[in-house]
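Inspection log for the structure reproduced underneath, given as structure tokens.
Letters go in sequence order (proteins before strands), and every chain restarts at 1. This one's a predicted model, so the numbers in the text were calculated from it and none came from an experiment.
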Amino acid sequence: MAPVAKPLTIVVDFSSPNVAKPMHVGHIRSTVIGDALARILRFRGHTVITDNHLGDWGTQFGMILWGWKHCRDDAAFAADPTAELGRLYRLVRKVADAKPEELAADPEAAALAAKYPGAGREVLAETAKLHEGDPENRALWEQFMPVCRAEIDRLYARLHVSFDHWLGESFFQPLLAPTVDDLVGRGIAKESRGAIGVFLGGEDAPPLLIRKADGAFLYATTDLATIRWRLEHWRPDRILYVVDHRQSGHFEQVFATARLSGLPGIEGVELVHVGFGTVLGEDGRPFKTRAGDTVGLEALLDEGVERAAKVVAEAGRGEMDEATRRQVAETVGIGAIKYADLSQNRTTDYVFSFDKMLQLTGNTAAYMQYAVARVEGICAKGSVDRSALRTARPVLLAAPQERALALGLVRFAEVLEDVEGDNRPNLLTAWLYDLAGRYSTFYDALPVLKAEGDTCASRLALCDLTGRVLRQGLDLLGIGTVERM
RNA sequence: GCCCCCGUAGCUCAGUGGAUAGAGCGACGGUUUCCUAAACCGUAGGUCGCAGGUUCGAUCCCUGCCGGGGGUACCA
């Protein structure tokens with residue numbers, strides 16, 4: 001496939017979880033969509049730089065620091081540091097928010113809230129101290145970070161997602177004050193009610209705040225500093241932000257401010273908020289379990305693999321050894337979860353269904369993986385020399401099923417172009433499903449190995465090509481394939 | 001109040017300025033002496049929220065309305 005005529009340098013900013021908060025199903029969208037877009041853009045010939053803009057410097061650390069100082073459990077931290085930090089985060093968030101209905105449901109949080117009525121303010125103060133370089137908070141932060149990283153690294157490894165860079169919020173911390181000073185100095189930002197903001201829509205419209213009254217910096221400050229840094233160091237033509245669509249207003253303001261500030265190199269850069277819909281629960285509200293906690297990402301992956309393992313066992317592939325079965329279950333289980341998200345239109349919210357996400361029949365990754373395995377089966381059974389199939393020779397398209405398959409195959413490049421145009425991986429999943437369907441129809445209707453001479457060779461070539469295209473397409477979605485399943 | 005998104009089959013969702021609007025699940029009925037039935041073939045089921053407008057043609061574009069969701073100065 002020919003690469004794009006004019007390769008661009010494209011930064012893809014995705015996943016970006018807040019560390020120290022447990023990762024849940026809501027985090028999967030940015031991670032999976034961003035990874036797929038990065039793979040597709042790279043495959044098309046662009047220079048892609050992926051960056052995980054980790055939320056490692058925000059208010060959640062204020063909560064954990066406060067919790068550490070007021071209600072930590074040393075034994076629990078020693079046994080499972082991740083779990084203890086997660087517990088502190090969830091507990092202190094309730095204490096700091098002090099919402100009556102939440103406190104009513106959690107006696108421990110209620111007791112702490114009663115004991116420390118100023119907790120909300122103190123949490124912010126802890127965050128501010130961290131930002132100001134307080135040695136104690138800084139030391140604790142350095143102690144917490146490896147714990148947090150180990151947790152998310154494990155998930156990325158299972159998802160086969162990797163990044164070129166991990167420039168989190170903390171990395172940009174030294175650039176925040178200069179960014180604010182610069183904007184103020186050039187009259188773009190100004191003081192208002194003790195805070196500093198950029199008034200894009202006049203005095204009446206809410207400004208983009210870049211410094212709080214207490215001196216702490218905000219999300220917007222980091223984003224502006226990050227744009228400046230990326231322009232300087234990477235000179236990109238395009239930056240994609242794969243972030244929940246609820247932040248569209250924020251990005252509008254940030255992008256407008258970046259352009260207003262006339263950063264070197266900003267003119268030619270496309271800044272794109274690749275927004276995606278929220279994952280909802282059965283009740284149509286942002287996803288929560290009945291207990292009030294979201295489903296953990298790791299538990300979801302485990303369940304997906306377990307269900308795949310069950311299907312593998314039932315399929316009765318007697319000749320498959322145990323290690324292979326596990327490998328197949330992992331590839332199919334994880335693939336199902338990724339595909340469930342990727343096949344959704346990125347922009348719309350969707351109702352999360354455990355069963356739907358883990359489904360292995362119908363329009364799922366397993367359907368394509370199965371088609372690939374069937375191709376492999378034919379080639380193995382016929383001891384086919386696949387490279388010999390690829391030398392130029394006419395492919396005969398006598399039967400309608402052969403023609404339909406061939407017509408599907410030739411659209412690959414066009415589909416990838418469309419994906420880039422709209423940053424929508426679901427266009428690729430839809431085409432792959434259609435293609436695999438054409439192959440299934442072909443497979444059922446026409447013999448391959450038992451066909452005569454030229455017809456056999458021609459059909460083998462179709463099988464080989466379809467298998468390779470499906471495998472490539474799935475790979476561009478970050479989904480693996482197996483020889484047998 | 002203002003801004004943004006959504007409303008398509010029983011459910012969950014695709015899709016398009018042009019032909020009989022699609023899939024999965026669910027329902028019903030078929031297919032395995034034949035290369036993997038995680039598959040294939042078929043049936044039933046939709047006035048594409050409502051009303052106007054633009055157009056030769058609208059489910060798609062525009063306006064209004066109804067319904068749902070989100071955002072809206074010191075969270076990220």
Regarding A/Glu376 and A/Arg484, does a basic nitrogen lie under 4.0 Å from an acidic carboxylate oxygen? no
B/rG42 and B/rC48: how far apart are their C1' atoms, nearest whole angstrom? 25 Å
Over how many whole Å does the gap from A/Glu376 atom CD to B/rA38 atom C1' extend? 17 Å
Mind checking whether A/Trp166 and A/Tyr156 have parallel, tilted or perpendicular rings, split at 30° and 60°? perpendicular
Checking A/Ser387 against A/Asp385: is there a side-chain donor and acceptor pair closer than 3.5 Å? yes
If you pin A/His245 and A/Tyr443 to their nearest nucleotides in RNA chain B, which one's is more 5'? A/His245
B/rA38 phosphate, OP1 or OP2, under 4.0 Å from A/Tyr370 side-chain N/O: yes
Look at the side chain of A/Val328 and decide which nucleotide, out of B/rA73, B/rA38, B/rA76, has an atom nearest to it. B/rA38
Reading RNA chain B 5' to 3', what string of ( ), [ ], | and . shows its pairs, if Watson-Crick and G-U wobble pairs count only when both distances fall under 3.5 Å? (((((((..((((....[...)))).(((((.......))))).....(((((..]....))))))))))))....
OP1 or OP2 of B/rA38 versus the side-chain N and O atoms of A/Arg307: is any pair under 4.0 Å? no
Does B/rC6 have OP1 or OP2 sitting under 4.0 Å from an N or O in the side chain of A/Asn345? no
Reckon A/Thr222 touches a base, only the sugar-phosphate, or nothing at all at heavy-atom distances under 4.0 Å? nothing
Considering every strand and a 4.0 Å limit on heavy-atom distances, what is the contact class for A/Thr59: base, sugar-phosphate, or nothing? sugar-phosphate
Once rounded to the nearest 0.5 Å, what's the spacing between atom CD of A/Gln359 and atom CZ of A/Arg307? 10.0 Å
Provide the distance between the two P atoms, one in B/rG17 and one in B/rA58, to the nearest whole Å. 14 Å
B/rU8 and B/rC60: how far apart are their C1' atoms, nearest whole angstrom? 11 Å
Across the strands shown, which category fits A/Phe199 at heavy-atom distances under 4.0 angstrom: base, sugar-phosphate, nothing? base
How far does the C1' atom of B/rA14 sit from the matching atom of B/rG52, given to the nearest Å? 29 Å
By the 4.0 Å heavy-atom rule, please label A/Gln369 as base, sugar-phosphate, or nothing. nothing
Is the NZ atom of A/Lys69 crowded by more than 12 outside heavy atoms at less than 6.0 Å? yes
What contact category does A/Glu483 fall into here, base, sugar-phosphate, or nothing, at under 4.0 angstrom with non-hydrogen atoms? base
Look at A/Tyr367 and B/rC40 and indicate whether a side-chain polar atom (N or O) is within less than 4.0 Å of OP1 or OP2. yes
Considering only the C1' atoms, how many Å lie between B/rC62 and B/rA27, rounded to the nearest integer? 41 Å
Shortest side-chain distance from A/Ser440, nucleotide among B/rA73, B/rC40, B/rA38: B/rC40
In this structure, how many angstroms lie between the P atom of B/rC75 and the CE atom of A/Met63, rounded? 10 Å
What does A/Leu209 touch in the nucleic acid at a heavy-atom separation under 4.0 angstrom: a base, only the sugar-phosphate, or nothing? base
Please work out if A/Asp355 contacts a base, only the sugar-phosphate, or nothing of the nucleic acid, heavy-atom cut-off 4.0 Å. nothing
Identify all pairs in which a protein N or O lies below 3.5 Å from an N or O of nucleotides 24-34 of chain B, and state each distance.
unit_1 : atom_1 : unit_2   : atom_2 : d
B/rG24 : O2'    : A/Gln359 : NE2    : 3.0

Just the rounded figure in Å: distance from P of B/rC4 to CZ of A/Arg346. 18 Å
Taking only side-chain N and O atoms of A/Thr348, does any of them lie within less than 4.0 angstrom of OP1 or OP2 on B/rA14? yes
Are A/Phe217 and A/Arg211 packed together at the side-chain level, in the sense that at least one heavy-atom pair is separated by less than 4.5 angstrom? yes
Scan A/Pro207 against the nucleic acid and name what it touches under 4.0 Å (heavy atoms): base, sugar-phosphate only, or nothing. base
Quick check on RNA chain B: between A/Glu252 and A/Leu124, whose nearest nucleotide comes earlier from the 5' end? A/Glu252
Nearest-angstrom distance from the residue atom CG of A/Asp214 to P of B/rC75: 8 Å
Starting at OH of A/Tyr339 and ending at C1' of B/rC13, how long is that distance when rounded to a whole Å? 12 Å
For A/Ala430, answer base if it contacts any base atom (sugar-phosphate contacts may also be present), sugar-phosphate if it contacts only those atoms, and nothing otherwise; contact means non-hydrogen atoms under 4.0 Å. nothing
If you measure from the P atom in B/rU16 to the same atom in B/rG22, how many Å do you get, rounded? 14 Å
Output the single nucleotide from B/rC35, B/rA38, B/rG70 whose closest atom is nearest the side chain of A/Ile378. B/rC35
Step by step, would you call A/Ile337 with A/Leu358 a side chain to side chain contact (heavy atoms under 4.5 Å, CB included)? CA-CA 6 Å; A/Ile337 292 166; A/Leu358 302 184; 3.5 Å; yes
Under a 3.5 Å threshold, yes or no: a donor from one side chain and an acceptor from the other, between A/Tyr350 and A/Asn345? no
Looking at A/Ser16 and B/rA76, is any side-chain donor or acceptor paired with a base atom of the opposite kind under 3.5 Å? no
Whole-Å distance separating the CG atom of A/Leu224 from the C1' atom of B/rA76: 14 Å
What's the closest nucleotide to the side chain of A/Arg374 if the choices are B/rA73, B/rA37, B/rC35? B/rA37
Indicate the ring-plane relationship of A/Phe61 and A/Phe144, choosing parallel, tilted or perpendicular according to the 30° and 60° boundaries. parallel
Side chain of A/Arg186, backbone of A/Ser261: donor and acceptor closer than 3.5 Å? yes
Please work out whether the ring planes of A/Phe172 and A/Trp229 are parallel, tilted or perpendicular, with thresholds of 30° and 60°. perpendicular
Nearest-Å distance for atom pair OH/C1', residues A/Tyr350 and B/rG15: 19 Å
side-chain N/O A/Arg424 vs B/rG15 OP1/OP2, d < 4.0 Å: yes
Considering only the P atoms, how many Å lie between B/rC75 and B/rC6, rounded to the nearest integer? 30 Å
Out of B/rA38, B/rA14, B/rC40, minimum distance to the side chain of A/Asn426 belongs to B/rA14
With a 4.5 Å cut-off on side-chain heavy atoms, are A/Leu271 and A/Phe251 touching? no
Measure the shortest side-chain to side-chain distance between A/Tyr339 and A/Thr429 over non-hydrogen atoms and say whether it is less than 4.5 angstrom. yes
With a 4.0 Å cut-off on heavy atoms, is A/Leu446 in touch with a base, just the backbone sugar-phosphate, or nothing at all? base
Nearest-angstrom distance from the residue atom CE of A/Met368 to C1' of B/rA39: 14 Å
Give me the distance, rounded to whole Å, that separates B/rG15 from B/rA23 when you measure between the C1' atoms they each carry. 10 Å
